[in-house]
Amino acid sequence: MQQSKFRFTKESVRRAEPPAPDERTASGKLVKERIVWDTVCTCLGLRIGRSGKRSYLVQKTVGGRSRKVRIGDADNWTVEDARARARALIVQMDQGKDPNAERREERARGVTLAEAVEMHANSMRAKQCVPRSIDSIREELERHAADWLGRPLSTLTADECARRHERVTATSGPYAANRVMTSIRACYRTAARRFRGQLNPESPTVGVTFNKVKRRRQPIPWADLSAWRRRVDGIKNPVRRDLQLLILYTGLRCADARTLRFEHVDLEAGTIFRPRPKGGEDRAFTVPASRVALEILKRRLADNIDDDGWVFPSTDMRGRRTYVQQAKEQRYDEAGRKVGYLPSAHRLRDTFCTAAHEARVHPLDLKVLVNHALSGGDVTEGYIRPSIEHLRGCVEQISDFLSARMFPQAEEDVA
C-alpha cells in the first residue's frame with residue numbers, strides 16, 4: 001500500500017512511487033500525479049508525476065483558500081533545503097501573503113514590450129489575421145520605438161508615450177505617430193489580459209492626444225488619367241507596370257494584388273479568388289475580372305519567367321523568388337528627373353470606386369466587388385448575394401468607363 005506520509009530523506013524521496021499506469025480516482029479519472037507529505041515539516045509535500053518526475057511544494061491556507069506553492073525540482077533541492085524553504089514560505093503565508101500571486105506580479109512587472117508584441121502576434125494568428133497586419137506592428141515599433149522593446153511594460157509612462165508621439169509626429173507625420181501608439185496600446189492590452197490583476201489595465205498611451213487625421217480619398221481626376229497612364233507605360237519593369245494597371249481595373253487592395261497567385265486565377269471562368277484578404281479567411285472572396293484585367297493576367301502568364309506561381313514575381317535580398325513587396329512607383333518629368341511618386345495603390349482603389357459610382361453601378365454591387373462588409377442594419381440587403389455573372393457586367397461597366405477617360409482621343413475617333 002502506498003504511503004501518503006513519511007519522513008523525507010534522500011532515499012525515501014527517491015523511492016517514492018509514481019501513480020500506477022491504470023490508477024484512477026473515485027470518479028474514474030486517470031490519476032496524473034501523487035502528492036505525499038513529510039512527517040517532519042507537515043506542510044512540505046512531494047509531487048510525483050506519472051513520468052516519475054519529483055518536485056517539492058508547500059501547502060497552506062491563505063485568506064481562507066488553500067494554496068500550493070512550488071519550491072523546485074527534487075533533483076535540485078536537498079531535503080534539508082526544501083524544509084527550510086517551506087518554513088520560510090509558511091511564515092509569509094501566515095502573514096496573509098500569497099507567494100503565487102507575488103510571483104505572478106513579479107513576472108507581470110518584468111514583461112517587456114517585445115514580449116507583449118509576441119503575445120499580441122500570437123493572438124492575431126489565433127484570430128487568423130493576415131500576416132501583413134502582424135508584420136506591420138513589428139515594423140512600426142522597430143522603426144519608432146526600438147529603444148523600448150527591451151523595457152518592461154510597467155516602466156512605460158504616460159508622459160513618455162505622449163512625448164514619443166509628439167516626436168514621431170514631427171519626424172514621420174501624424175499617421176505614423178498614431179499607428180505607433182495604437183500598436184503599443186494593442187500589445188499592452190493583450191499583455192494586461194494575460195496578467196489580469198497584475199498589470200495596470202490602463203495603457204500608458206492614455207497620456208497621448210492622438211492626431212486628428214482624415215481618411216484620404218483621392219481618386220485620380222479624370223482629366224489626369226491619360227497622363228497617369230503615360231507615366232505607367234513608362235515604367236521599365238513590365239511586372240510592376242501591369243501591377244498598377246490591374247489594381248486600377250479590379251479595385252483590389254494593394255496586398256491582395258501583390259500577393260496574387262496563378263492558382264487563384266481562373267482564366268477560363270474569368271475570376272480572381274483571394275483566400276486571405278483583410279479580415280482573414282472569413283472574408284475570402286471571388287470576383288470576376290473584366291476583359292482588360294484578364295488580358296493583363298494572360299500577359300503575365302505568358303511573359304513571366306521563373307515566377308514560382310506569383311502573378312507579380314520579384315526577388316528578395318536573399319535571392320529567393322517571392323512577390324512584389326510594394327506597389328509604390330517613382331514619377332519622372334519629361335527630362336527624366338524624379339519628381340515624386342505615382343498615386344498610391346489605395347488611390348487607384350479610390351479611382352475604381354469613383355468610376356463605379358459614376359458608371360451607375362449599384363452601391364451593393366460595388367461593396368461586393370471591393371470586399372467591403374455589407375451593412376448589418378438593412379435586413380433586405382442581408383438576403384442579397386449578387387451572382388458572378390451579374391458582377392461581371394458591373395466590372396465591364398467600370399472598365400469601359402475608365403478606358404474611355406484614359407483614352408479620350410480613341411473615343412473621339414470612334415465617334
### Query
F262 and N304: side-chain contact (heavy atoms from CB on, under 4.5 Å), yes or no, with the steps?
CA-CA 11 Å; F262 283 113; N304 281 357; 3.7 Å; yes
### Query
Does the pair D94/K60 count as a salt bridge with the N-to-O cut at 4.0 Å?
yes
### Spacing of CG belonging to L141 relative to OG belonging to S183, to within rounding of 0.5 Å
5.0 Å
### Cation-aromatic face contact R405/F401, 6.0 Å, 45 degrees
yes
#### Entry: Residues E160, R151: salt bridge by 4.0 Å N-O rule
yes
### Query
Is the NZ or CZ atom of R164 positioned over W148's six-membered ring, under 6.0 angstrom from the centre and within 45° of the axis?
yes
### Query
Quick one: does S172's side chain have a donor or acceptor within less than 3.5 Å of a partner on A176's backbone?
no
### Query
Can you find a pair of side-chain heavy atoms, one from L342 and one from V232, that are under 4.5 Å apart?
yes
### Task
State the CG-CG distance between L260 and L252, to the nearest 0.5 angstrom.
7.0 Å
### Task
Please tell me if the side chains of V239 and V311 come closer than 4.5 Å, counting only heavy atoms from C-beta onward.
no
### Message
With a 4.0 Å cut-off on N to O distance, would you call E118 and R138 a salt bridge?
### Response
yes
### Task
State, with a plain yes or no, whether a side-chain heavy atom of P275 is found less than 4.5 Å away from one of E281.
no
#### Entry: Q397 side-chain N/O to A359 backbone N/O, donor-acceptor pair under 3.5 Å
yes
### Query
Okay, side chain of R83, backbone of F8: is any donor-acceptor separation there less than 3.5 Å?
yes
### Query
Hey, mind stepping through V287 and V395 against side-chain contact (heavy atoms from CB on, under 4.5 Å) and telling me if it holds?
CA-CA 9 Å; V287 290; V395 294; over 6 Å; no
### Task
For A284 and F273, work out which heavy atoms get closest and say how close.
CB-CE1, 4.1 Å
### Query
Taking all non-hydrogen atoms of both residues, which atom of C394 and which atom of L369 are closest, and how far apart?
CB-CD1, 4.1 Å
### Message
Salt bridge or not between D233 and K236? Use side-chain N to carboxylate O under 4.0 Å.
### Response
no
### Task
Decide yes or no on ring-ring contact (aromatic ring centres under 6.0 Å, His included) for Y188 and H120, but give the supporting numbers first.
CA-CA 8 Å; Y188 186 96; H120 190 63; over 10 Å; no
### Message
Has E23 got a side-chain atom pairing as donor or acceptor with A20's backbone, closer than 3.5 angstrom?
### Response
yes
### pair P386-L364: side-chain heavy atoms closer than 4.5 Å
yes
### Query
If we only count heavy atoms from C-beta on, is the P238 to R300 side-chain gap below 4.5 Å?
yes
### Task
Could you please spell out the steps behind the side chain to side chain donor-acceptor pair (under 3.5 Å) verdict for T259 and R274?
CA-CA 9 Å; T259 60; R274 301 312 297 129; 2.9 Å; yes
#### Entry: Donor-acceptor under 3.5 Å (R179 side chain, E140 main chain)
no
### Query
How close do W37 and T42 get, heavy atom to heavy atom, and via which atoms?
CE3-O, 3.8 Å
### Message
Any side-chain to backbone donor/acceptor pair from R50 onto V31? Under 3.5 Å, distance only.
### Response
yes
### Query
Should E166 and R163 count as an ion pair when the cut-off is N to O under 4.0 Å?
no
#### Entry: Sole candidate of D242, L348, D256 that passes side-chain contact (heavy atoms from CB on, under 4.5 Å) when paired with I247
L348
#### Entry: Trace of the side chain to side chain donor-acceptor pair (under 3.5 Å) decision for R193 with T190
CA-CA 5 Å; R193 286 194 297 272; T190 297; 3.3 Å; yes
### Task
Test side-chain contact (heavy atoms from CB on, under 4.5 Å) on T112 and L153 and set out the steps.
CA-CA 5 Å; T112 64; L153 291 176; over 6 Å; no
### Message
Under a 4.0 Å threshold between the charged nitrogen and the carboxylate oxygen, would R320 count as salt-bridged to D316?
### Response
yes
### Task
Any chance you could measure R34, atom CZ, to R47, atom CZ, to the nearest 0.5 Å?
13.5 Å
### Message
Donor-acceptor pair, distance only, cut-off 3.5 Å: does the side chain of R258 make one with the backbone of V324?
### Response
yes
#### Entry: M406 vs W228, side-chain contact (heavy atoms from CB on, under 4.5 Å): CA-CA, chis, key distance, verdict
CA-CA 8 Å; M406 195 179 298; W228 174 86; 4.1 Å; yes
### Message
Within the 4.5 Å heavy-atom criterion, are W222 and L402 side-chain neighbours or not?
### Response
yes
### Query
Would you say R392's side chain and G270's backbone share a donor-acceptor pair under 3.5 angstrom?
yes
### Message
Assess, by modelled atom type and distance only, whether the side chains of S314 and Q325 contain a donor and an acceptor separated by less than 3.5 Å.
### Response
no
### Contact summary for T351 and I220, nearest pair of heavy atoms
OG1-N, 2.9 Å
### Query
Are there more than 12 heavy atoms of other residues, nucleotides or ligands under 6.0 Å from atom CZ of R194?
no
### Message
Can you give me the closest heavy-atom contact between W77 and G72, atom names plus distance?
### Response
NE1-CA, 3.6 Å
### Task
Tell me yes or no: between the side chains of N211 and T169, is some donor less than 3.5 Å from an acceptor?
yes
### Message
Treating D38 as the side-chain partner and K5 as the backbone partner, does any N or O pair qualify as donor plus acceptor under 3.5 Å?
### Response
no
### Query
Taking NZ, NE, NH1 and NH2 as the nitrogens, is one of them in E396 or R291 under 4.0 Å from a carboxylate oxygen of the other?
yes
### Query
Roughly how far, to the nearest 0.5 Å, is CZ of R229 from CD of Q244?
11.5 Å
### Distance in Å, S290 OG paired with I296 CD1, rounded so as to fall on 0.5 Å steps
7.5 Å
### Query
Could you walk me through whether S133 and S136 pass the side chain to side chain donor-acceptor pair (under 3.5 Å) check?
CA-CA 5 Å; S133 297; S136 65; 5.4 Å; no
### Query
So, R54 and D73, do they make that salt bridge, N to O below 4.0 Å?
no
### Query
NZ of K127 to CD1 of I134: how many Å apart, nearest 0.5 Å?
11.0 Å
### Query
Is there a salt bridge (Lys or Arg N to Asp or Glu O under 4.0 Å) between E329 and R240 once you walk through the steps?
CA-CA 8 Å; E329 293 289 348; R240 301 187 68 89; 2.4 Å; yes
### Query
With ring centroids as reference points, do W310 and Y323 lie under 6.0 angstrom apart?
yes
### Query
Just wondering, are more than 12 heavy atoms of other shown residues or ligands nearer than 6.0 Å to NE2 in H357?
no
### Query
Which atom names give the shortest non-hydrogen contact between G251 and R349, and what distance separates them?
O-NH1, 2.6 Å
### Task
Evaluate the side-chain proximity of E11 to R15: yes if any heavy-atom separation is below 4.5 Å, no if none is.
yes
### Task
Establish, from distance only, whether the side-chain atoms of D81 and T78 form a donor-acceptor pair under 3.5 Å.
yes
#### Entry: Donor-acceptor pair, side chain of D266 and main chain of T271, under 3.5 angstrom
no
### Contact check, side chains of F352 and L366, non-hydrogen atoms, under 4.5 Å
yes
